[in-house]
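Taking it in order: structure first as structure tokens, then the write-up.
Keep in mind the model is a prediction, meaning the values are calculated, not measured. In each ligand, atom 1 is the first atom listed, and ligand 1 is the first ligand listed.
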Amino acid sequence: MIKVLGISGSPRKGNSQFLLDIALESAKMVSDEVEIESYSIRGKKFGGCVMCQNCQKDGECIIRDDFQEIRDKWIDADVIIYSIPVYHMGMPAQLKAFIDRLGNSMFGRYKDNFKPEEATLPRSLKTIATITQGTHVFSGQEHTITQMINHALIMGCIPVTGDMWESYIGVGGWTNTREDRNALEQLVAEGDRDALVAVRGSRSIAKRAVEISMLLREGARYKETYFGSNPVYVPLMDRVNRKE
Ligand SMILES: Cc1cc2nc3c(=O)[nH]c(=O)nc-3n(C[C@H](O)[C@H](O)[C@H](O)COP(=O)(O)O)c2cc1C
């Protein structure tokens with residue numbers, strides 16, 4: 001199974017969820033072997049990292065809130081699709097708090113796999129796709145996608161994009177100054193060109209994220225003696241060898 005985790009980074013059920021649903025539906029269409037799960041930060045609590053460094057000892061975050069649940073889902077997924085509203089030209093604070101804590105605790109979690117003289121970071125090799133949208137145009141979409149590409153790289157993952165011309169580095173939509181939860185849905189119904197571009201991009205980015213994940217998994221299986229013996233690839237091989 002290729003496990004696809006969709007994460008809505010919006011605290012409301014709105015435009016991010018609309019594009020995420022479209023993306024997840026497209027991911028599912030790629031193959032019978034795709035399993036999708038939709039997660040939303042709505043109603044969840046994520047405290048900010050306090051740099052206590054406890055996670056560097058045992059990989060666990062001392063703050064007990066909704067972090068642990070989504071972290072476990074994140075670790076288990078082969079593909080992550082983030083659908084995020086632009087806040088202040090970046091991602092919402094709740095999502096940033098999750099990502100800060102995820103990054104540091106993952107480094108602590110896998111550190112004992114490596115010999116001290118070879119200290120390095122785990123390669124999770126998930127594919128990570130980003131969809132974002134805001135009220136305005138040129139108002140932070142690309143910055144937000146770039147933050148997520150940086151997140152993907154730091155996590156040893158593969159940032160992916162969709163098909164040209166809708167998606168250069170990820171999907172960036174806008175609601176044509178409308179603030180309602182269903183603004184994009186309405187715009188699609190009205191045939192708004194930009195909203196349709198965001199929909200097409202959401203479909204293609206999800207499809208490509210799954211396809212690349214399939215290639216990674218089959219490649220790791222084909223070269224199992226190499227990747228299976230290298231501790232850097234433990235997070236990938238744990239998923240490749242997962243009991244279905
Ligand atoms: C605190 C806050 C900051 C925002 N900052 C931006 C911004 O910088 N650029 C933008 O285009 N929209 C901004 N918006 C608008 C949202 O991105 C927009 O309404 C989006 O469609 C909300 O997505 P949702 O329906 O998934 O919650 C902001 C909204 C809030 C609440």
Worksheet item: Does a donor on one side chain sit under 3.5 Å from an acceptor on the other, for Gln68 and Asp72?
Response: no
Worksheet item: Between Thr127 and Ser213, is any side-chain donor less than 3.5 angstrom from a side-chain acceptor?
Response: no
Worksheet item: Would you call the rings of Trp74 and His151 parallel, tilted or perpendicular, where under 30° means parallel and over 60° means perpendicular?
Response: tilted
Discussion item. Less than 6.0 angstrom from the centroid, inside 45 degrees of the normal: does Arg123 satisfy that with respect to the ring of Tyr233?
Written reply: no
Name each N or O atom in ligand 1 that is under 3.5 Å from a protein N or O, and give the partner atom and the distance.
residue  : atom   : partner : partner atom : Å
ligand 1 : 5 (N)  : Val86   : O            : 3.3
ligand 1 : 5 (N)  : His88   : N            : 2.8
ligand 1 : 8 (O)  : His88   : N            : 3.3
ligand 1 : 8 (O)  : Met89   : N            : 2.9
ligand 1 : 9 (N)  : Ser139  : O            : 2.9
ligand 1 : 11 (O) : Thr135  : N            : 3.1
ligand 1 : 11 (O) : His136  : N            : 3.1
ligand 1 : 11 (O) : Ser139  : OG           : 2.6
ligand 1 : 12 (N) : Thr135  : N            : 3.2
ligand 1 : 14 (N) : Val86   : O            : 3.1
ligand 1 : 17 (O) : Val86   : N            : 3.4
ligand 1 : 17 (O) : Val86   : O            : 2.7
ligand 1 : 19 (O) : Thr135  : OG1          : 3.2
ligand 1 : 21 (O) : Asn15   : ND2          : 3.4
ligand 1 : 21 (O) : Gln133  : OE1          : 2.6
ligand 1 : 23 (O) : Gln133  : NE2          : 3.0
ligand 1 : 25 (O) : Arg12   : NE           : 3.0
ligand 1 : 25 (O) : Arg12   : NH2          : 2.9
ligand 1 : 25 (O) : Asn15   : N            : 2.9
ligand 1 : 25 (O) : Asn15   : ND2          : 2.9
ligand 1 : 26 (O) : Ser10   : OG           : 3.4
ligand 1 : 26 (O) : Asn15   : N            : 3.3
ligand 1 : 26 (O) : Ser16   : N            : 2.8
ligand 1 : 26 (O) : Ser16   : OG           : 2.6
ligand 1 : 26 (O) : Gln133  : NE2          : 3.4
ligand 1 : 27 (O) : Ser10   : OG           : 2.7
ligand 1 : 27 (O) : Arg12   : NE           : 2.9

Worksheet item: So, Ser16 versus Gln133: side-chain donor-acceptor pair below 3.5 Å or not?
Response: yes
Fill in: Validation row: Leu5, Lys126 side chains within 4.5 angstrom (heavy atoms)
no
